Amino acid sequence: MQTKILKIDSLNLDEKIIIVAELIRKGELVAFPTETVYGLGADAFNPDAVKRIFVAKGRPADNPLIVHISSYEQLRWLVSEYGENASKLMKAFWPGPLTIIFKKNKKVPDIVTAGLNSVAVRMPSHPIALALIKESGSPIAAPSANLSGKPSPTKAEDVFHDLNGKIACIIDSGSSDIGLESTVIDCTQKIPVLLRPGAITREQIANAIGTIKIHDAVRNKIDAGTIEKMKIKSPGMKYRHYAPNARIIVVEGEKGKAENKINELIKIYSGRKIKVIEIADKNEGAREIYNIFRIADKDGIEIIVISGIDEAGIGMALMNRIRKAASEIIEV
Ligand code: TXA
Ligand code: MG
């Protein structure tokens, strides 16, 4: 299959959106931009098309997908009921980078939810994503458009690198604004549970609905093997994720001590291809981290050392992704 790249300007949508929507309606796979990362979309009500998402990504079948909507009417097709917390969160943060877990409507194909009786839904704010969903006439199931286990794509070239020849088309509208995947919150529980941190922060969510729980795996400082053995709520949490080929070592703790440790590591690994990442600005760090990982792969970097940052605001999401990509976490 030839994978086409279509450039679309998000401030000046053109008829190319209609062509891509037609592909979705026909059951093809299409990569499209969102404000978080690029997604790999298929008609959520076409189980054969959704199945091909899992095949193209090499994604384990027990990891459910997020369904993207452009209207509240579409929400009713997907969800059986919801309470006040979900209501408040939608009002406060949709359209935007927040995914909410609901009790699912029986009509949602099992392949989308990996057989769970809940469904993850998000109304993105990116104009191209919204227009594509609306024009397709169906909610779009879409994981991040990377090969399973690789860093999420923040540019059309990243998608092309991972999925060329496996999907019909990629919409190119430049770099993602946020650069990390959406916040995921489970609202099927009495007290909502944060399953994945993102650009909508725990502080913002707590402001909107009061008390929430943070799932243990969100701030885990343990390696991927141990996580696999834990009892896990969000199936996606158990796989090593977002990872470049290099071995990632994260150094966390008081600044001076961390710097000493990093200097020690640089000495230990002298002669190897090593890259040190220090994050000065959290938002920029979020936007760039996957890109930095991908460039490190191209450059054949063997070891990446990352200095930890504080977890206020988007810092929590950034540290979560970094720890999940890590082979080793050193606390000093
Ligand atoms: O920003 C994003 O969320 C991007 C863009 C494309 O929207 N999408 C994305 O999808 O990151 P994906 O598939 O890479 O991550 C979906 C996460 C996984 O961790 C998955 O396990 C979790 O959402 N998830 C999906 N359905 C769920 C459910 N019913 N219950 C619990 N977790 C669920
Ligand atoms: Mg993903």
Side-chain angles (χ1 to χ4, degrees), residues 3 5 31 33 36-40 56-60 143-167 170 172 174-176 178-181 221-228 236 238-252 258-309 317-332:
T3 300
I5 301 185
T36 57
V37 298
Y38 276 73
L40 177 60
K57 280 180 62 91
R59 182 177 177 106
S144 48
N146 51 285
L147 285 176
S148 197
K150 288 290 159 196
S152 290
T154 55
K155 296 193 281 10
E157 298 93 282
D158 300 341
V159 181
F160 190 79
H161 177 270
D162 281 16
L163 298 173
N164 177 27
K166 296 181 170 179
I167 64 177
I170 302 168
D172 179 0
S175 295
S176 311
I178 294 169
L180 298 178
E181 308 82 355
K221 295 195 181 183
I222 43 181
D223 60 88
T226 314
I227 299 172
E228 249 165 68
K238 72 184 170 202
Y239 303 102
R240 184 177 184 231
H241 254 154
Y242 323 116
N245 298 327
R247 174 181 171 77
I248 295 185
I249 305 173
V250 183
V251 180
E252 297 192 47
E259 265 166 29
N260 290 341
K261 187 76 202 177
I262 289 172
N263 287 332
E264 218 175 89
L265 290 169
I266 292 172
K267 274 198 201 115
I268 292 172
Y269 291 110
S270 67
R272 306 277 299 276
K273 281 195 127 186
I274 180 169
K275 183 177 176 63
V276 177
I277 301 175
E278 269 162 316
I279 296 156
D281 178 276
K282 283 180 202 169
N283 287 313
E284 195 192 323
R287 212 158 32 234
E288 285 298 324
I289 193 76
Y290 291 144
N291 193 33
I292 293 171
F293 285 173
R294 282 179 179 266
I295 291 171
D297 276 355
K298 275 184 210 138
D299 292 348
I301 298 291
E302 294 168 274
I303 294 140
I304 299 176
V305 178
I306 307 181
S307 181
I309 54 161
L318 190 48
M319 282 314 293
N320 168 263
R321 304 309 192 276
I322 288 171
R323 288 181 189 131
K324 290 190 74 165
S327 302
E328 193 182 341
I329 298 169
I330 303 176
E331 297 200 67
V332 291

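All of these numbers come straight from a predicted model, not from anything done at the bench.
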Checklist entry - Which heavy atom in A56 sits nearest to a heavy atom in L163, and how many Å separate them? => result O-CD2, 3.5 Å

Checklist entry - Measuring from T3:OG1 to N164:CG, what's the distance to the nearest 0.5 Å? => result 4.5 Å

Checklist outcome for this item: Tightest non-hydrogen contact, residues P153 and V37, listed as O-CB, 3.4 Å

Next on the checklist: Would E328 and I303 count as a side-chain contact (heavy atoms from CB on, under 4.5 Å) here? Give the steps.
Outcome noted: CA-CA 11 Å; E328 193 182 341; I303 294 140; over 6 Å; no

Item to check | Interatomic distance, R323 atom CZ to I329 atom CD1 [nearest 0.5 angstrom] | outcome: 6.5 Å

Item to check | N291 CG to T154 OG1 distance, which is reported to the nearest 0.5 Å | outcome: 5.0 Å

Checklist entry - What distance do E157 atom CD and I170 atom CD1 have between them, rounded to the nearest 0.5 Å? => result 9.0 Å

Checklist entry - Does a side-chain heavy-atom distance below 4.5 Å link E252 with M319? => result yes

Checklist entry - Would you say the side chain of D158 lies within less than 4.5 Å of the side chain of D162, judging by non-hydrogen atoms? => result no

Checklist entry - Do K57 and S144 have side chains that get closer than 4.5 Å, going by heavy atoms? => result yes

Item to check | Carboxylate-amine/guanidinium proximity below 4.0 Å for R287 and D281 | outcome: no

Next on the checklist: Taking NZ in K275 as the centre, count heavy atoms belonging to other residues, nucleotides or ligands within less than 6.0 Å. Is the count above 12?
Outcome noted: no

Checklist entry - When you look at I322 and I279, which way does the side-chain contact (heavy atoms from CB on, under 4.5 Å) test go after all the steps? => result CA-CA 12 Å; I322 288 171; I279 296 156; 3.8 Å; yes

Next on the checklist: Are the side chains of K261 and V305 in contact, using a 4.5 Å heavy-atom criterion?
Outcome noted: no

Checklist entry - P151 and R294: which non-hydrogen atoms are nearest, and at how many Å? => result O-NH2, 2.7 Å

Checklist entry - Out of curiosity, I292 CD1 to I277 CD1, how far, rounded to the nearest 0.5 Å? => result 5.0 Å

Checklist entry - Mind checking what makes side chain to side chain contact (heavy atoms under 4.5 Å, CB included) contact with A286, not counting sequence neighbours? => result L180, I314

Next on the checklist: Looking only at side-chain N and O atoms, does N245 offer a donor or acceptor that is under 3.5 Å from a partner on K298?
Outcome noted: no

Item to check | Minimum heavy-atom distance between V250 and A326, given as atom pair plus value | outcome: CG2-CB, 3.6 Å

Item to check | For S176 against Y38, the heavy-atom pair lying closest together | outcome: OG-CD1, 3.8 Å

Checklist entry - Do K150 and D297 have side-chain heavy atoms sitting under 4.5 Å apart? => result yes

Item to check | Check against side-chain contact (heavy atoms from CB on, under 4.5 Å), V251 and V332 | outcome: CA-CA 7 Å; V251 180; V332 291; 4.3 Å; yes

Checklist entry - Closest heavy-atom contact between G300 and K273? => result O-CD, 3.4 Å

Item to check | Qualifying residues under ring pair (Phe, Tyr, Trp, His ring centres under 6.0 Å), relative to F293, sequence neighbours excluded | outcome: none

Checklist entry - Heavy-atom distance under 4.5 Å between the side chains of P244 and I301, does that happen here? => result no

Checklist entry - Do the side chains of S152 and N146 get nearer than 4.5 Å, heavy atoms only? => result yes

Checklist entry - Could you give the distance from CD1 (I309) to CD (E278), rounded to the nearest 0.5 Å? => result 12.0 Å

